[in-house]
Amino acid sequence: MAASLRVLDLFSCSGGAGWGYHLAGFEVDGCDIAERPRYPFAYHRGDALEYLARLIATGEIERYTLAHASPPCQDKCGLTVGTNASQGWGGTHQDLVAPTRELLDASGLPYVIEQPNGKAEIRKDLSLCGEMFALGVLRHRNFELGRWGAMQPAHPRHRGYVRGWRHGVYRDGPYVAAYGDGGGKATVPEMQTAMGITWTDVHEELTEAIPPAYTRWIGTAFLTARQEVLV
């Protein structure tokens, strides 16, 4: 059994998901293929699936209470299967959802798999939006929950548009577009403020980040469900 509440943050990027679990009361260990010097917790650089397989094989996986995985989303995200496909833009991308799930099932841990809106083949056990947490981004994300469950929170009506140009029309609104450049999209300070992320100012890391409010909610829901089982 794990001596403390500890989450394994796979495909961690700069730590948006990890920070939310930290706020929910977990210790966090991250793993990502790229160097992430701004990641705010213990960090292993390497292939996330190889690392997970090694933890399972050695029994070190037993250190963890929960695993979170955000495998690369470019293959089936809304932008890839929508605008980019229609325009012939972009290249090929790996779909790592299925092999990630297979290893997480083998780990014996409760787990979370995160993906953006699109055609990723995950169960949408939870769908979260920035408006649920009064954030300055919408950033819809879907989550598959393995070996545990949580109730879907209400999805409030959006208060307006995402600021920026769409199809030649500029609209103002209470949300910023935390991706890409130009067209009225958010600056780095705007993205930091909108998502509640202060420890990185790298544009690419911010555009890929999960707002920590999402995983703080998920981590708290997990601990509540866990306590109910223990009682």
Side-chain angles (χ1 to χ4, degrees), residues 2 4-32 36 38-44 48 52 63-73 100 104 109-117 120 122 124-156 175-176 178-179 186 188 190-202 204-227:
S4 60
L5 296 172
R6 185 176 293 272
V7 65
L8 177 61
D9 181 17
L10 298 166
F11 307 98
S12 62
C13 194
S14 63
W19 191 261
Y21 288 113
H22 164 72
L23 294 175
F26 290 84
E27 296 182 50
V28 181
D29 293 339
C31 177
D32 196 87
R36 301 291 183 185
R38 295 165 185 80
Y39 189 80
F41 310 108
Y43 181 76
H44 172 83
L52 177 56
R63 295 201 307 259
Y64 296 98
T65 315
L66 177 70
H68 175 102
S70 295
C73 62
T100 298
L104 289 172
L109 290 178
Y111 62 80
V112 179
I113 301 175
E114 175 269 332
Q115 290 285 278
N117 280 344
I122 65 167
K124 296 179 181 180
D125 297 320
L126 287 175
S127 295
L128 300 181
C129 163
E131 182 58 24
M132 296 175 178
F133 307 100
L135 300 180
V137 291
L138 291 179
R139 188 143 290 192
H140 296 93
R141 290 294 183 269
N142 302 308
F143 301 86
E144 178 176 319
L145 309 180
R147 293 194 177 85
W148 72 286
M151 294 293 292
Q152 169 66 42
H155 189 160
Y175 314 106
V176 297
Y179 57 88
V188 163
E190 286 176 329
M191 285 192 280
Q192 291 175 308
T193 299
M195 290 190 287
I197 293 175
T198 59
W199 60 91
T200 180
D201 58 0
V202 176
E204 174 261 339
E205 293 183 345
L206 289 164
T207 62
E208 295 184 0
I210 303 173
Y214 293 13
T215 44
R216 183 178 191 176
W217 188 95
I218 290 171
T220 302
F222 171 79
L223 294 177
T224 300
R226 182 172 182 263
Q227 183 61 36

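Just so you know, residue 1 is the first one in the sequence shown, and it goes up from there. For clarity, every value in this text was computed on a predicted model and none was experimentally measured.
A centroid separation of 6.0 Å or more is found between the aromatic rings of Y111 and H68.
Side-chain N or O atoms of N142 include none that pairs as donor or acceptor with a backbone N or O of S127 at under 3.5 Å. Proximity of a side-chain donor or acceptor of R38 to a complementary backbone N or O of T200 within less than 3.5 Å is not detected. Q115 places a side-chain N or O within 3.5 Å of a backbone atom of P71 that can act as its donor or acceptor partner. Under the 3.5 Å distance criterion, the side-chain polar atoms of T207 are left unmatched by any main-chain donor or acceptor of Y179. Not a single donor-acceptor pair under 3.5 Å links the side chain of W217 to the backbone N or O of A24.
R36 and E204 are joined by a salt bridge, as a carboxylate oxygen and a charged side-chain nitrogen come within less than 4.0 angstrom of each other.
When the salt bridge (Lys or Arg N to Asp or Glu O under 4.0 Å) test is applied to R216, no partner is found at least two apart in sequence or on another chain. Applying the salt bridge (Lys or Arg N to Asp or Glu O under 4.0 Å) criterion to E144, with sequence neighbours excluded, gives R101, R123.
Interatomic distance, C31 SG to D9 CG, rounded to the nearest 0.5 Å: 9.0 Å. Rounded to the nearest 0.5 Å, atoms CG (D125) and CD1 (I122) are 8.0 Å apart. If you take OG1 on T65 and CZ on R226, they are separated by 5.5 Å, rounding to the nearest 0.5 Å. The structure places CZ of R6 at 4.5 Å from CG of D29, a figure rounded to the nearest 0.5 Å.
Under the 4.5 Å side-chain criterion, counting only non-hydrogen atoms from C-beta, L10 is in contact with L52.
Y39 and Y43 have tilted rings, their planes meeting at an angle from 30° to 60° on a 0 to 90° scale. The aromatic rings of Y21 and F26 lie perpendicular to each other, with more than 60° between the two planes, well past the 30° mark. The aromatic rings of F222 and W148 lie perpendicular to each other, with more than 60° between the two planes, well past the 30° mark.
Scanning all heavy atoms of the two residues, the minimum distance from P110 to R147 falls at CA-CB, 3.9 Å.
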